[in-house]
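Working notes, beginning with the structure itself.
Order of the sequence lines fixes the chain letters, A, B, ..., with proteins taken first and strands second; residue numbering starts at 1 for each chain. For clarity, every value in this text was computed on a predicted model and none was experimentally measured.
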Amino acid sequence: MPRLREFPWRATRDPWHVLISEVMLQQTNVGRVRPRFERFVALAPTPAACVDVALADLLVEWQGMGYPRRCRNIQDAARVIVERHGGEVPRDLDSLMALPGIGPYTARAILAFAFGDDAAVVDTNVARVISRVEGRAMKPRETQALADEMLPRGLSRDWNQVVMDFGATVCNARSPRCSSCPIARLCSWCGEGADPARTTAFTSRPQGRFEGSDRQARGRMMKRLTEGSVQATRVAEVMGLDDGDRAERLVESLVADGLVERVGRAYRLSEKRR
DNA sequence: AAGCCGTGGAT
DNA sequence: TATCCACGGCT
């Protein structure tokens with residue numbers, strides 16, 4: 001359920017709002033996205049408006065969704081849209097892919113959900129369904145090609161929605177419900193033998209331990225910074241680290257990412273308007 | 001191109 | 001309580 005992409009904003013179809021929602025949904029479950037999406041759009045209703053908001057204010061709205069570089073990417077994309085596309089989200093694959101933070105999935109999601117164009121999205125759910133139906137592991141290019149072939153023309157919105165939700169529920173990763181699967185007759189796998197999706201591209205790769213990781217420390221710092229600036233001498237403490245050199249390196253990585261800036265002896269969220 | 005990037009839910 | 005896992009883009 002939490003991964004279902006069904007959503008009221010599908011009805012809006014404002015390309016900028018679809019872009020924001022799809023970037024948010026790249027890494028974050030729909031239940032956590034919903035309330036933040038509304039506030040974010042209120043703050044940055046158009047690309048031009050987004051450019052004029054301090055990144056720090058956008059990051060406050062972002063806090064809790066993870067991967068805050070995505071938030072910076074949205075503002076960077078807004079600037080490109082204003083400077084190169086007259087303030088309108090472009091309607092072709094190459095221009096969309098050229099935007100910061102917009103890859104193969106998100107570019108096609110914008111084409112399909114915002115514009116209704118014939119574009120087949122391949123997220124992890126779609127890739128899993130296709131590789132199981134085909135009964136073999138596949139590389140990204142081939143997976144995309146098959147998704148393109150399957151797409152019923154003129155129905156991209158409903159089709160993409162249905163395939164992603166089908167993959168998130170019936171044809172899920174851990175315990176697929178093959179015994180009640182409506183397309184079992186079309187499936188090469190049917191839950192018997194090795195799962196082809198396990199070795200196919202697009203499926204998520206294992207990740208290092210989170211406890212004690214750089215990400216955890218960065219995340220703690222970002223959360224604390226949404227409440228106000230942090231003295232340089234207290235960075236390690238905020239991050240929960242004993243190692244001052246490591247804390248220094250990590251806060252500088254946040255600066256390098258454009259999320260944080262140093263002002264005198266303190267750090268704060270970047271005020272930069274892009 | 002293998003590893004990094006945050007958070008919360010599932011097991 | 002601890003561990004595993006999802007999730008797309010970037011470099």
Side-chain angles (χ1 to χ4, degrees), chain A residues 1-5 7 18-36 59-77 80 93 96-110 112-113 119-129 139-141 143-144 147 160 164-165 167-169 171-176 195 197-226 238-240 246 249-260 269:
Chain A
M1 274 315 246
R3 216 162 274 116
L4 278 184
R5 302 179 77 88
F7 220 78
V18 171
L19 184 153
I20 292 170
S21 71
E22 288 300 339
V23 172
M24 289 178 166
L25 288 165
Q26 283 170 2
Q27 320 291 333
T28 308
N29 291 344
V30 80
R32 274 185 297 148
V33 165
R34 187 189 309 257
R36 289 189 166 77
L59 286 168
V60 168
E61 298 299 338
W62 197 271
Q63 176 55 44
M65 286 203 299
Y67 297 112
R69 289 190 299 198
R70 291 182 292 155
C71 180
R72 181 211 60 197
N73 286 339
I74 286 175
Q75 199 180 38
D76 289 346
V80 175
L93 190 59
L96 286 166
M97 293 264 291
L99 298 174
I102 308 296
Y105 165 80
T106 310
R108 289 177 174 82
I110 293 166
F113 292 121
V121 301
V122 178
D123 72 346
T124 186
N125 295 297
V126 176
R128 185 170 55 249
V129 171
K139 294 181 175 182
R141 183 170 293 165
T143 310
Q144 183 67 59
N160 285 326
M164 286 193 286
D165 286 352
T169 54
C171 194
N172 62 28
R174 291 213 187 183
S175 48
D195 181 358
R198 281 292 303 256
T199 50
T200 205
F202 281 106
T203 49
S204 39
R205 291 150 289 191
Q207 204 170 72
R209 310 265 180 282
F210 180 67
E211 189 63 31
S213 67
D214 288 357
R215 306 157 129 167
Q216 182 185 45
R218 284 169 50 109
R220 283 172 173 161
M221 183 66 176
M222 288 299 294
K223 182 173 186 181
R224 173 62 183 77
L225 284 167
T226 63
V238 167
M239 289 182 170
R246 183 177 172 209
R249 175 174 65 78
L250 290 178
V251 75
E252 284 305 323
S253 77
L254 291 172
V255 172
D257 284 344
L259 301 172
V260 170
L269 294 179

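Between the CD atom of A:Glu211 and the C1' atom of C:dC4 there is a distance of 14 Å, rounded to whole Å. Rounded to a whole Å, the CG atom of A:Asp214 is 13 Å from the P atom of B:dT7. Distance A:Asp165 CG to C:dA6 C1': 16 Å, rounded to the nearest Å. A straight line from CD of A:Gln216 to P of C:dT3 spans 13 Å, rounded to a whole angstrom. Rounded to an integer number of Å, the gap from A:Tyr67 OH to C:dT11 P is 15 Å. Put simply, CH2 on A:Trp62 is 16 Å from C1' on B:dG8, counting in whole angstrom units. Taking atom CG on A:Leu25 and atom P on C:dG8, their separation rounds to 10 Å, with Å as the unit. Atoms CG (A:Asn172) and P (B:dT11) sit 9 Å apart, rounded to a whole Å.
Side-chain atoms of A:Leu269 and A:Met222, non-hydrogen and from C-beta on, do get closer than 4.5 Å to each other. Looking at heavy atoms from C-beta onward, A:Val260 lies in side-chain contact with A:Leu225 at the 4.5 angstrom threshold.
Between A:Asn73 and A:Arg174, it is A:Arg174 whose nearest contact on DNA chain C lies nearer the 5' terminus. Mapping A:Ser175 and A:Arg218 onto DNA chain B by nearest heavy atom places A:Arg218 at the nucleotide closer to the 5' end. When the nearest nucleotides of DNA chain C are assigned to A:Ala173 and A:Ala107 by heavy-atom distance, the more 5′-ward of the two goes with A:Ala173.
Remark: side-chain polar atoms of A:Arg36 are not paired, donor with acceptor, to backbone N or O of A:Met65 under 3.5 angstrom.
Closest to the side chain of A:Thr106, from the set B:dG6, C:dG8, B:dT7, is C:dG8. With C:dA6, B:dG8, C:dC7 as the choices, the nucleotide that has an atom nearest any side-chain atom of A:Arg32 turns out to be B:dG8. Checking C:dG8, B:dG8, B:dG6 against the side-chain heavy atoms of A:Tyr105 singles out C:dG8 as nearest. In this structure, of B:dG6, C:dA6, C:dC7, it is C:dC7 that holds the atom nearest to the side chain of A:Asn125. Here the nucleotide nearest the side chain of A:Arg69, chosen from C:dG9, B:dT11, C:dC7, is C:dG9.
The pair A:Arg128-A:Asp195 does not count as a salt bridge, with every side-chain nitrogen at least 4.0 angstrom from each carboxylate oxygen.
OP1 and OP2 of B:dG6 both lie 4.0 Å or more from every side-chain N or O belonging to A:Gln63. For the OP1/OP2 pair of B:dT7 and a distance below 4.0 Å, the side-chain nitrogens and oxygens of A:Thr28 include no atom meeting the criterion.
Backbone-only contact: A:Arg209 has heavy atoms under 4.0 Å from sugar-phosphate atoms and none from a base.
Just one residue in the list A:Gln216, A:Arg224, A:Arg218 forms a side-chain contact (heavy atoms from CB on, under 4.5 Å) with A:Arg220, and that residue is A:Gln216.
Side-chain atoms of A:Gln26 and base atoms of C:dG9 include no donor and acceptor less than 3.5 Å apart.
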